[in-house]
Amino acid sequence: MTSIRPDLANLDRPALEAALEERGQQRFRARQIFRWIYSRGVTDPAAMTDLSRQLRETLRAEFSLTTPELVTRERSVDGTEKFLLRLADGQQIEAVFIPDTPSMTFCISTQVGCAMACAFCLTGKMGLVRNLTAGEIAGQVRVLVDALGMRAKRFNIVLMGMGEPLHNYDETMRALRILNDEHGMALPPRRVTLSTVGLLPGLERLAHEPLMPNLAISLHAPTDDVRGELVPLNKKYGVKEIIEACERFPLARRRRITFEYVLLAGVNDSPGAARQLAKLLSGVKSKVNLIPLNAAPGIPFERPSDAAIDGFARILSEQHLVVSVRKSRGRDIRAACGQLIVDGQRRSPGQTLAAALRLEPSAGNARL
Ligand code: SAH
């Protein structure tokens, strides 16, 4: 039998304390180790100089520490950067850095691919390959901080990369606890936004989390008939149930739930839809984030005209909703919303289809 070495990247501090104790070490050493890994960016135990030689040897011999490997980094004309990262098993994911939104934002993945299959999303075409571990989720942040030289800087995190965070609930929340640890990055939950397509059981669990990120709901349509066409999961958890769950959701003072709404020409962008949306959200402390579709080959929808986008936004604000239109970032490097897709070694039928439908010459075999 081979003994499995715990991966330091996967352990929140209480788990690391327990693992140290089991090996005859003092629990409080976990704080020092967290400081090395998360606030100083040091991953080699040999370099953790305030630990005893014996503890460094224990870390080396009895633990591992995996960090996603940076494969390529692409910079958009608008400053957005897309990072292609390789995981220990060879699977690849993408993470995106978006500068000045107005703050710095990291868009992080929670799964390789996604099972939700939303009709306008390229990641959805991949299908779900696997969940990420907490270490892989938090590891994306470590890699981006390092690569961007942002150790002392503030940044926000949006769980809006590949995957559905509530479909990988435990690992996602553990990653947030790791990132939040006061001896590590000390990232406050108000700097984190979790975006979900509306997995209700996960949403109910989230409502009881001690560590509560901001919530964004990918709504995309005010009625079940339209939403059902766009978001397959709507057949299980419909619009009314989602809105009711949002009305019950405990919000900190001055907080609002963001409702993301991808605007698709002729599908969900009519003035009538805007009025229905306003009515639907009248009982929720909400803000609406309109996302004009990022079109892509293989996505059977079009982006509405600027006039239609403005008209839709105007109706919502006339109905007293807080509205913003998401500026598309990094479209030239396919880093924009819904454009994150990686060709794995094992392609699912959806991946093959997405790859085949790509019209541009591909810039290498690893990404769109
Ligand atoms: N699965 C989560 C996290 C993904 S967040 C969720 O659905 O909320 C990514 C956001 O970008 C979601 O609101 C998603 O609906 C949106 N999106 C997906 N494809 C898009 C596209 N082609 N153009 C614009 N936005 C898109």
Side-chain angles (χ1 to χ4, degrees), residues 80 82 93-96 98 101 105-128 131-132 137 140 156-169 172 175 192-200 202-203 206 213-221 226-227 229-234 236-237 242 245-246 257-265 267-269 286-304 309 312 324-331 334-341 350 354 357-358 368:
T80 301
K82 184 169 80 169
I93 51 168
E94 291 178 329
V96 179
I98 310 148
T101 57
T105 301
F106 296 171
C107 179
I108 296 298
S109 296
T110 55
Q111 296 179 315
V112 183
C114 184
M116 297 299 129
C118 297
F120 45 78
C121 180
L122 273 186
T123 308
K125 301 251 176 273
M126 289 177 70
L128 177 63
N131 281 331
L132 296 186
I137 299 169
Q140 294 167 64
N156 297 326
I157 288 186
V158 294
L159 299 176
M160 298 188 185
M162 303 169 81
E164 164 52 48
L166 295 185
H167 195 213
N168 184 17
Y169 191 96
T172 297
V192 179
T193 299
L194 182 152
S195 178
T196 175
V197 75
L199 264 176
L200 275 199
L203 206 54
L206 191 66
N214 297 307
L215 180 61
I217 302 278
S218 289
L219 191 63
H220 310 317
V226 180
R227 192 169 192 268
E229 292 295 314
L230 303 176
V231 179
L233 189 73
N234 195 76
K236 197 153 181 195
Y237 308 115
I242 291 176
C246 290
I257 296 177
T258 300
F259 289 89
E260 295 159 290
Y261 195 105
V262 174
L263 281 167
L264 308 167
V267 176
N268 64 356
D269 64 340
S286 67
K287 53 185 173 186
V288 177
N289 191 204
L290 298 174
I291 317 176
L293 176 75
N294 292 311
I299 298 297
F301 299 102
E302 280 165 30
R303 179 191 186 89
I309 295 168
F312 198 92
S324 58
V325 179
R326 191 178 296 181
K327 214 173 118 194
S328 176
R329 306 293 304 248
R331 254 194 289 169
R334 292 202 176 279
C337 300
Q339 297 193 312
L340 302 184
I341 184 169
L357 291 168
R358 223 179 293 152
L368 263 183

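When a ligand or atom number is given, it counts from 1 through the structure's own listing order.
Residues Val158 and Cys107 form a side-chain contact, since some pair of their non-hydrogen atoms from C-beta on lies under 4.5 Å apart. A 4.5 Å side-chain heavy-atom check between Val262 and Leu230 finds every atom pair outside the cut-off. Side-chain contact check for Thr196 versus Leu203: some heavy-atom pair is nearer than 4.5 Å. Put simply, the side chain of Val267 does not reach to within 4.5 Å of the side chain of Glu229, judged on heavy atoms. Under the 4.5 Å side-chain criterion, counting only non-hydrogen atoms from C-beta, Leu233 is in contact with Leu199. In this structure, Leu132 and Val112 have side chains that are in contact, with non-hydrogen atoms separated by less than 4.5 Å. A heavy-atom distance below 4.5 Å is found between the side chains of Arg227 and Leu219.
The protein heavy-atom contact nearest to atom 19 (N) of ligand 1 is Gly338 CA, 3.0 Å. When only non-hydrogen protein atoms are considered, atom 21 (C) of ligand 1 lies nearest to Cys337 O, 3.3 Å. Closest to atom 2 (C) of ligand 1, if we only count protein heavy atoms, is Ser195 O, 3.3 Å. What sits closest to atom 15 (O) of ligand 1 on the protein, heavy atoms only, is His220 NE2, 2.9 Å. Counting protein heavy atoms only, atom 10 (C) of ligand 1 is closest to Glu260 OE2, 3.9 Å. In terms of protein heavy-atom proximity, atom 23 (N) of ligand 1 is nearest to Asn294 N, 2.9 Å. Residue, atom and distance of the protein heavy atom nearest to atom 16 (C) of ligand 1 are Val262 CG2, 3.9 Å. In terms of protein heavy atoms, atom 22 (N) of ligand 1 is closest to Phe120 O, 2.9 Å.
Residue Met160 has at least one heavy-atom neighbour below 4.0 Å for each of these atoms of ligand 1: 5 (S), 9 (C). Within ligand 1, counting atoms from 1 as listed, the ones closer than 4.0 Å to a heavy atom of Cys121 are 18 (C), 19 (N). Near Leu293, the atoms of ligand 1 lying under 4.0 angstrom from a non-hydrogen atom of the residue are 21 (C), 22 (N), 23 (N).
Between Ile291 and ligand 1, no pair of N/O atoms sits closer than 3.5 Å. The distance criterion of under 3.5 Å between nitrogen or oxygen atoms is not met by Arg326 with respect to ligand 1.
Counting heavy atoms closer than 4.0 Å to ligand 1, residue Leu122 contributes nothing at all.
Using 4.0 Å as the threshold, Gly163 has a heavy atom nearer than that to some atom of ligand 1.
Considering each of Gly161, Cys118, Ser218, the one bringing a non-hydrogen atom nearest atom 4 (C) of ligand 1 is Gly161.
Aromatic ring pairs are classed by plane angle as parallel below 30°, tilted from 30° to 60° and perpendicular above 60°; the pair Phe120 and Phe301 is perpendicular.
Looking only at atom types and distance, the side chain of Glu164 has no donor-acceptor partner in the side chain of Thr110 under 3.5 Å away.
Nearest approach of Pro304 to Asp269, heavy atoms of both residues: CB-OD2, 3.4 Å.
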